[in-house]
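Before any comments, here is the structure.
All ligand and atom numbering here is 1-based and tracks the order in the structure. None of these values were measured; they are calculated from a predicted model. Side-chain atoms are counted along with the backbone in the values below, which use heavy atoms only and exclude waters and symmetry mates.
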Amino acid sequence: MSTHDDPDIHRHTTRLTELGVDVVRVVYPDLIGADRARDVLVDHLAGACEHGLAFCRAVYHTSPQGDVVPVAGGLDAGLPDISVRPDLATIRALPWEPGVAWCLGEVIDPATGETVPESPRDLLRGVLDRCAEHGLRPVAGPELEYFLCERSPTGWRRYAEAPGNVYTAGRRGDPDGHLLRTLRHLRDLGLDVSMGNHEFSSGQFEINLAHGEALDAADRTFLFKSAVKELARAEGRLATFMAKPFNDEGGSGFHLHLSCESDGRNRFDDPSAPYGLSATARHAVAGVLAHAPALTALANPTINSYKRFGPDTLAPWLIDWGLDNRSAMLRIPPERGTGARFELRLGDAGANPYLLIAGTIAAALLGIHAGQEPPPPLEGYGYDTSRAAVLPMTLADALDAFEADAELTDLLGKGFTTSYLAYKRNEIERFHRHVTDWEFTEYAHHL
Ligand code: GLU
Ligand code: MG
């Protein structure tokens with residue numbers, strides 16, 4: 001049967017037409033978690049489902065500046081295609097763009113019919129399959145911060161510049177109601193966002209997504225970031241999730257709450273164990289600590305990421321954990337029972353949600369397999385280098401640590417690891433060749 005006659009596709013196109021949707025935007029994440037897409041007229045949706053949409057595989061190897069980076073399977077292979085099929089079960093109408101709906105795309109290599117190693121969604125699926133083999137179902141709750149910027153005569157400046165608006169809502173730190181508008185659009189988009197507030201820095205906001213099954217949480221986070229950026233663009237503004245956009249303000253985190261279920265029960269909870277945390281939870285914490293240097297390569301994926309780390313930042317600096325302690329890299333929030341979980345505060349908002357979630361779950365799973373035990377939790381204020389090791393402080397060091405972590409890279413797959421290292425090392429090379437503003441300011445006058 002041709003998909004043109006497929007009753008399922010017919011049902012979807014009829015429903016879309018009834019909703020007034022005439023364009024489906026098929027989106028999927030690239031290697032850095034940015035959305036790549038094509039707008040498909042609903043009349044041609046059945047054909048897209050039948051044949052797939054062709055994109056050049058080098059979409060995964062393209063730098064933010066638009067250059068194709070030499071990564072295996074791209075330039076060297078003659079720039080072949082990937083094929084992207086709309087997953088009609090994921091269709092959601094865009095509340096701010098009448099007539100248009102978003103739909104996630106499933107990516108395959110048309111030559112083999114297999115997934116491609118660079119596909120972040122498939123990487124996460126692979127890790128979740130490994131968890132399922134052990135009866136574990138990870139549950140993730142993402143919290144992301146971002147800065148909203150407005151045009152200025154010289155570029156971009158922070159929206160509503162005013163100090164001290166941390167943990168506020170309303171017009172005090174948000175004079176034209178950006179957060180309310182955004183929250184409502186995100187809710188109508190079906191992303192299951194729960195709440196938001198002004199964050200510590202001026203022009204900085206935080207929005208939380210409800211916890212959910214890990215792939216669903218990653219999908220919603222991916223669409224959330226795309227939506228916030230798109231909504232800001234529609235107003236002539238810039239929303240940025242980059243880790244540390246300003247010298248005079250702190251950075252933006254992507255705090256990841258994580259637990260594991262099996263048989264419908266939270267496996268991290270154990271009222272009879274120390275701290276009310278099960279052995280599984282302790283092993284998971286130990287795994288994340290043990291693999292933290294490698295994990296930074298995914299959780300903190302840019303040259304800029306490492307400027308967010310440091311003492312007294314509320315972002316981490318040392319590889320440590322603590323009970324309800326925000327100065328630790330990994331915090332155990334006070335809830336137990338169904339709410340027992342850890343909060344990994346390592347990631348910055350610029351992280352690709354699929355890679356951060358996949359890497360964290362992989363590290364936790366390795367700890368669970370090995371039955372690793374964490375050191376005693378941090379007591380008091382952290383950032384004391386006599387008590388814990390420092391995280392990698394550059395992207396280059398993080399990539400080296402990632403490459404050296406055979407257990408983690410085996411679990412994530414060599415295909416992904418090799419591509420990711422090649423892509424990110426190219427970023428470092430380009431940065432080293434570039435003359436920055438800082439150099440001119442520092443040297444030009446006196447030298
Ligand atoms: N902005 C901090 C970070 O970069 C986190 C602040 C908070 O605790 O919410 O991680
Ligand atoms: Mg926050």
Inset, instruction - Using the six-membered ring wherever Trp is involved, compare the ring planes of W96 and W102 and label them parallel, tilted or perpendicular (cut-offs 30° and 60°). - result: perpendicular
Legend entry - Distance filter under 2.8 Å, centred on the Mg ion (ligand 2) - protein N, O or S atoms that pass it: E145 OE2, E199 OE2, E206 OE1
Inset, instruction - On the 0 to 90° scale, with breaks at 30° and 60°, tag the W317-Y383 ring pair as parallel, tilted or perpendicular. - result: tilted
Legend entry - pair I207-L144: side-chain heavy atoms closer than 4.5 Å: no
Inset, instruction - Report the relative orientation of the aromatic rings in Y420 and F402; use parallel for angles under 30°, tilted for 30 to 60°, perpendicular for over 60°. - result: perpendicular
Legend entry - Salt-bridge criterion met for D263 and R267 (N-O under 4.0 Å): no
Legend entry - Row check, F55 ring normal vs R38 NZ/CZ: under 6.0 Å, within 45°: yes
Legend entry - Which atom of F147 lies closest to which atom of S202, heavy atoms considered: CE2-O, 3.5 Å
Legend entry - Residue contacts for ligand 1, heavy atom to ligand atom, distance under 4.0 Å: E145, E199, E206, G251, S252, G253, H255, R308, L314, A315, R345
Legend entry - Contact summary for N165 and G173, nearest pair of heavy atoms: ND2-CA, 3.4 Å
Legend entry - Salt-bridge contact E106-R121 (side-chain N to carboxylate O under 4.0 Å): yes
